[in-house]
Amino acid sequence: TLLPNITAIPPWQQHPNATSFAAAWDAFTKFAGCHSGETRDGLSKLKQYFSNFGYIPNSPSSNFTDDFDDELEKALKAYQQNFNLNVTGQLDDRTLEQIVRPRCGNADIVNGTSSMNSSKSSSFQTVGHFHTTGH
Amino acid sequence: YTFFPGTPRWPVNRRDLTYAFLPGNELTDEVKAVFTSAFQKWSAVTPLTFTETDSYSTADITIGFYSGDHGDGEPFDGVLGTLAHAFSPTSGRFHLDADENWVVSGDVTRSSIPSAVDLETVAVHEIGHLLGLGHSSVEDAIMYPTITSGTRKVELEDDDIQGIQSLYGSNPNYNGSTTPTATTGDRESSDGEI
């Protein structure tokens, strides 16, 4: 839908309660507080989300479970690092708030090649830290 | 800023790029002007130029609105969620989710529609991908992956400018400000001719 002018939108459509959109990822908010070792209905969809954006290596046979396993925790930590969140590995409120935001469909991590913060910090730790400390 | 793996970019002999809109979308001039403005943000800081063409089949960059599964393996998901995606150089494919409530003009921040998305904000971001930039962790950068609906962000930040200029160099007219000094259609060519 192309809205030619924000002021021309009919009043009935502007009322927040009148919209019946189904934001694709709103359901993820029910996982607030979920942590490693738990099993929750629908966690597989969150794993699919992380897979779509490159945080879980994708394979044709990907069949995600509803378990909060090491794979999800690792993905979550990389995501939190990329979005400047506290790296807790848990589905805290701030992380979920970021996850459900509308976004670009391009992956953050492409072909397993880490990008954004999650790669920069690791290269800093293995290379940069030593040299900068020396100087 | 980041790049795609392998750092793909438009080759030296393809820096004057053309773009075309999917004819079936039948976009108005007002909508097309939003994309023109978005391209201008990037041409202001690089030697790249962007010119609209009617020839969809030969354009370097193709822009289209699609719903759901549209054949590239990356289906759209309806209102909000994924808004758009674009391919790395030199694919040139730029797809937007037709199911979004795209705001073409006016102050999107005044909208009380929770799902209103500013078209130019997303266009500027996706053009960054078309030119070779990946996502950035800098929250103010255009290439940050998420946006909050009802917000507008169309000016390139230092992070975006540093990234794109490391791929293509700087526009000779670029003076450190992203405020446009000329329009896309009449600015100097790379060899200095008007």
Side-chain angles (χ1 to χ4, degrees), chain A residues 1-28 45 48-49 52-55 58 60 78-85 97-121, chain B residues 1-6 25 27-28 30-31 34 65 74-88 95 97-119 122 125-126 128-129 134-139 143-149:
Chain A
T1 309
L2 288 158
L3 307 171
N5 192 322
I6 200 70
T7 59
I9 299 167
W12 62 268
Q13 211 177 0
Q14 294 191 32
H15 194 281
N17 294 332
T19 57
S20 58
F21 69 89
W25 304 317
D26 274 0
F28 293 154
K45 289 181 177 160
Q48 186 61 56
Y49 172 100
N52 288 346
F53 297 115
Y55 292 92
N58 203 1
Y79 183 88
Q80 289 169 330
Q81 200 166 8
N82 278 348
F83 286 85
N84 308 307
L85 299 161
E97 187 182 306
Q98 184 66 251
I99 286 173
V100 301
R101 278 186 188 168
R103 59 162 292 158
C104 170
N106 285 37
D108 300 332
I109 299 173
V110 183
N111 294 336
T113 305
S114 194
S115 63
M116 299 173 69
N117 275 344
S118 57
S119 66
K120 286 172 185 161
S121 65
Chain B
Y1 58 87
T2 64
F3 305 122
F4 289 100
N25 285 156
L27 301 178
T28 63
E30 189 183 17
V31 175
V34 172
F65 289 82
E74 304 289 341
F76 285 128
D77 51 11
V79 177
L80 298 181
T82 299
L83 306 174
H85 55 232
F87 291 71
S88 59
H95 299 165
D97 189 343
D99 291 333
E100 307 298 345
N101 288 312
W102 295 108
V103 175
V104 176
S105 70
D107 184 1
V108 71
T109 61
R110 288 176 51 212
S111 170
S112 54
I113 300 179
S115 58
V117 180
D118 184 66
L119 179 59
V122 175
H125 176 98
E126 298 304 329
H129 287 316
H135 284 150
S136 169
S137 288
V138 178
E139 193 163 357
M143 296 314 294
Y144 193 70
T146 63
I147 71 163
T148 305
S149 55

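Residue numbering restarts at 1 for every chain, and letters A, B, ... go by the order of the sequence lines.
- Ring-plane geometry between B:His85 and B:Phe87 is classed as perpendicular, the angle between the planes exceeding 60 degrees on a 0 to 90 degree scale with a lower cut at 30.
- In this structure, the separation between CD on B:Glu126 and CG on B:Leu83 is 8.5 Å, given to the nearest 0.5 Å.
- Interface remark: B:Tyr144 contributes side-chain atoms only to the contact with chain A (heavy atom separation under 4.5 Å).
- Within the 4.5 angstrom heavy-atom criterion, only side-chain atoms of A:Phe53, from C-beta onward, approach chain B.
- You'll find the side chain of A:Trp25 stays beyond 4.5 Å of the side chain of A:Lys45, heavy atoms only.
- Within the 4.5 angstrom heavy-atom criterion, only side-chain atoms of B:Phe65, from C-beta onward, approach chain A.
- Both the backbone and the side chain of B:Pro145 come within contact range of chain A, with heavy atoms under 4.5 Å apart.
- For A:Asn84, the part sitting under 4.5 Å from any heavy atom of chain B is the side chain, from C-beta outward, and nothing else.
- Contacts of A:Asn52 classified as side-chain contact (heavy atoms from CB on, under 4.5 Å), with partners at least two apart in sequence or in another chain: A:Gln48.
- For A:Glu97, the side-chain contact (heavy atoms from CB on, under 4.5 Å) partners two or more places apart in sequence, or in a different chain, are A:Arg101.
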